[in-house]
Amino acid sequence: MADDAASAPPTAQLAAASISSPPSSDLEPPTSRTRIRAILDAGDAMAGERVVVGGWVKTGRQQGKGEFAFLEVNDGSCQGNLQVMVEKDVHPLAQLTHTGTSVLVEGVLKKPPAEAKQRIELKVERVIELGEVDAAAYPLPKTKITLETLRDFVHLRARTNTIGAVARIRHQLAYATHSFFDENGFLYIHTPIITTSDCEGAGEMFQVTALFSQAEKVEKELKENPAPSEADVEAAKLVVKEKGDAVAQLKAAKASKQEITAAVSVLTKAKENVLRVEERSKLKPGLPLKDDGKIAFENDFFKRQAFLTVSGQLQVETYACALSNVYTFGPTFRAENSHTSRHLAEFWMVEPEIAFANLQDDMNCAERYVQYLCKWLLKHCREDMEFMVKHVDKTAIERLELVSSTPFEHISYTKAVEILEGVDKKFENKVEWGIDLASEHERYLTEVIFKKPVIVYNYPKGIKAFYMRLNDDQKTVAAMDVLVPKVGELIGGSQREERLDILKQRILDADLPLEPYEWYLDLRRFGSVKHSGFGLGFERMILFATGLENIRDVIPFPRYPGRADL
């Protein structure tokens, strides 16, 4: 598999965001806007060029006794701002200088005086568009604001330097993910968000149902138009009998075809009315229940219980068992009432699945993928990573360099426990064989013991999911976790259980019903194949890269207990 990050995306070609097609005569002409990143990258080489620039004012100040103003404008294309100079006869300066103001301006790029820190600035000749700001009400001040406070303004926080940098880093990691798997022959599979199976067997799933809205609709309808009584049903049936008798009499009397057809039509409508009346007579307020008092999900939209997915793994396995190397990359959900800095209710997972692959193949793929991501950020996100080093975590770039260039340590779970039991350190969580290693254990292994990434493999079967392959010792499964500095576990994966009888028993041992997994068992009944895969928590990768502490700050719209803004 390829180890080196591919060449940069063609951002230079996109620097001028214009439409080349001929403009329609009844529309405004297209906007030929130059990205600030392209201007700053070129520096004084673009001096003298006329450009249109759009962005938001970071800071603004009037100078020269109100004769002109300097604006620091950012359009999100990079961390840096473009200094924009506007004279008072071009536009009223007071409308331009407030933080958060949006501007679309045209002017000429000029080389500033030698003593200036900027290499290039824009002298504005025309203000094309302006989005003013009420400075007294704008919630993002020029001064520093905490990330926790910004979570209350999730719709505006992307305008800050930190969240803007996170957005660009997140984009590049997503781009690099697709590049890595494409270069290595994987197909991108879109797995469903709505599922009827629990991949983890933990039961902490969001339910998808239309029963509540249906119940509200029925209740409203019954208030406006009460359900028919038994007498109403009998009356409707009596009409059918009368109309049926009328048809029979016409036929006996050898009436004309036209008369009989008309009578049959009336009879048909009467029968349809009976069906409607009978159906409405069954309407009852509240949720539909079975005789045992449980909810009747057969009346729900999907005719069965459905949930938001916790993983696309089981579904993407179906394609791995036909197309060999595949991956899915999308949102997953967990209804876990956790308020820690490491948990979200909605998060993104990268989940490759490899046919004809054992646990060693799985570990090798995971190691190459993580190193590829690190190299990609070092090559394509240097400016934003330097911002993180300066303002968030001074070791962020060192960490990326370490992981990208150092072979990962591979140790068994049993060996990891032995090492942790032997160290002269008191952990909050007691170390003993059979426990699920806590973050403090994982970080101690990777940050203190080995000082590099560690892959721990062959975990006790009791702490891992049912689909992981049972080892010959009957005590462990062919599972692996990739541990990295700063976050601990970054990746979890395994060789999947390809033996039908053993997989059946593992499902039962997990107290799960077989019926929802019959399709999954079919993959073992019909052409079963050894296969492996893993899942990388995308937000955890961003935490690792940036050094930020809270996972709520590395996803655009965080969902966690009590919060689902926007």
Side-chain angles (χ1 to χ4, degrees), residues 188-228 233 271-319 326 328-337 344-349 351 465-467 507 510-523 535 555-566:
Y188 178 31
I189 307 300
H190 297 146
T191 51
I193 288 176
I194 298 175
T195 181
T196 54
S197 58
D198 182 356
C199 177
E200 299 299 326
E204 297 169 333
M205 304 178 75
F206 287 102
Q207 189 147 345
V208 177
T209 179
L211 290 178
F212 290 98
S213 58
Q214 289 173 5
E216 289 176 357
K217 182 179 179 182
V218 167
E219 189 172 345
K220 180 180 179 182
E221 183 180 335
L222 289 176
K223 284 181 179 179
E224 297 174 353
N225 185 12
V233 175
K271 288 180 177 180
E272 292 172 349
N273 184 59
V274 167
L275 293 175
R276 284 195 296 270
V277 172
E278 286 181 327
E279 189 67 26
R280 289 204 76 254
S281 70
K282 297 175 185 177
L283 293 179
K284 295 178 181 179
L287 296 175
L289 301 176
K290 297 179 182 178
D291 293 338
D292 60 4
K294 294 182 179 179
I295 294 176
F297 285 104
E298 58 267 25
N299 294 324
D300 206 349
F301 187 89
F302 295 108
K303 308 303 180 187
R304 61 191 300 180
Q305 280 186 288
F307 309 91
L308 294 180
T309 185
V310 298
S311 169
Q313 178 211 310
L314 299 189
Q315 288 83 1
V316 85
E317 278 188 54
T318 66
Y319 272 68
V326 297
T328 185
F329 179 13
T332 54
F333 307 84
R334 185 70 62 86
E336 185 177 0
N337 191 23
L344 288 168
E346 178 182 342
F347 50 98
W348 284 63
M349 292 290 293
E351 298 176 288
F466 68 87
Y467 52 77
I507 293 173
D511 292 325
L512 294 170
L514 285 175
E515 189 275 330
Y517 299 96
E518 284 297 330
W519 64 269
Y520 190 64
L521 293 169
D522 275 351
L523 300 178
I555 190 168
F557 307 102
R559 272 80 173 98
Y560 49 95
R563 296 297 291 266
D565 299 345
L566 277 64

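Only a predicted model underlies this, so the values are computations on that prediction, with no experimental measurement involved.
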Would you mind reporting whether [Y] and [X] have side-chain heavy atoms less than 4.5 Å apart?
{"X": "L211", "Y": "P288", "answer": "yes"}
{"X": "W348", "Y": "T332", "answer": "no"}
{"X": "Y319", "Y": "T328", "answer": "no"}
{"X": "Q305", "Y": "Q207", "answer": "yes"}
{"X": "P228", "Y": "V277", "answer": "yes"}
{"X": "L308", "Y": "T195", "answer": "no"}

Can you tell me how far [atom2] of [Y] sits from [atom1] of [X], rounded to the nearest 0.5 angstrom?
{"X": "L287", "Y": "F212", "atom1": "CG", "atom2": "CZ", "result": "5.0 Å"}
{"X": "K223", "Y": "E221", "atom1": "NZ", "atom2": "CD", "result": "13.0 Å"}
{"X": "L566", "Y": "F557", "atom1": "CG", "atom2": "CZ", "result": "6.0 Å"}
{"X": "L275", "Y": "K271", "atom1": "CG", "atom2": "NZ", "result": "10.0 Å"}

For [X], which residues count as a side chain to side chain contact (heavy atoms under 4.5 Å, CB included) partner, sequence neighbours excluded?
{"X": "A210", "answer": "S213, Q214, D300, F301"}
{"X": "E346", "answer": "P331, F333, R559"}
{"X": "K220", "answer": "E224"}
{"X": "N337", "answer": "H339, P561"}

Going by the rule side chain to side chain donor-acceptor pair (under 3.5 Å), which residues pair with [X] if we only count those two or more places apart in sequence or in a different chain?
{"X": "D522", "result": "R525"}
{"X": "Y560", "result": "none"}
{"X": "R563", "result": "D152, D565"}
{"X": "T309", "result": "none"}

Original post:
Do you see a donor-acceptor pair shorter than 3.5 Å between the side chains of S311 and E351?
Top reply: yes
For [X], salt bridge (Lys or Arg N to Asp or Glu O under 4.0 Å) partners two or more places apart:
{"X": "E278", "answer": "K237"}
{"X": "E336", "answer": "none"}
{"X": "R304", "answer": "E515"}

N/O donor-acceptor pairs under 3.5 Å from side chains in residues 289-298, not counting sequence neighbours:
from, atom 1, to, atom 2, distance (Å)
D292, OD1, K294, N, 3.0

**OP:** Could you tell me which non-hydrogen atom of W519 sits nearest to which non-hydrogen atom of P516, and how far apart they are?
**Re:** NE1-O, 3.0 Å
**OP:** For R280 and A227, work out which heavy atoms get closest and say how close.
**Re:** O-CB, 3.5 Å
Subject >> Chi angles and distances behind the side chain to side chain contact (heavy atoms under 4.5 Å, CB included) call for Y517, L314 >> reply: CA-CA 9 Å; Y517 299 96; L314 299 189; 4.0 Å; yes
**OP:** Before giving the answer on side chain to side chain contact (heavy atoms under 4.5 Å, CB included), spell out for V274 and V233 the whole-Å C-alpha distance, their side-chain angles and the decisive distance to 0.1 Å.
**Re:** CA-CA 7 Å; V274 167; V233 175; 5.5 Å; no
Subject >> Side-chain donor/acceptor of Y188 to backbone N/O of F329, under 3.5 Å >> reply: yes
Original post:
Checking side chain to side chain contact (heavy atoms under 4.5 Å, CB included) for the pair F307/T196: CA distance, chi angles, key distance, verdict?
Top reply: CA-CA 6 Å; F307 309 91; T196 54; 5.7 Å; no
Original post:
Can you check side chain to side chain contact (heavy atoms under 4.5 Å, CB included) on L514 and E518, steps first, answer last?
Top reply: CA-CA 6 Å; L514 285 175; E518 284 297 330; 4.0 Å; yes
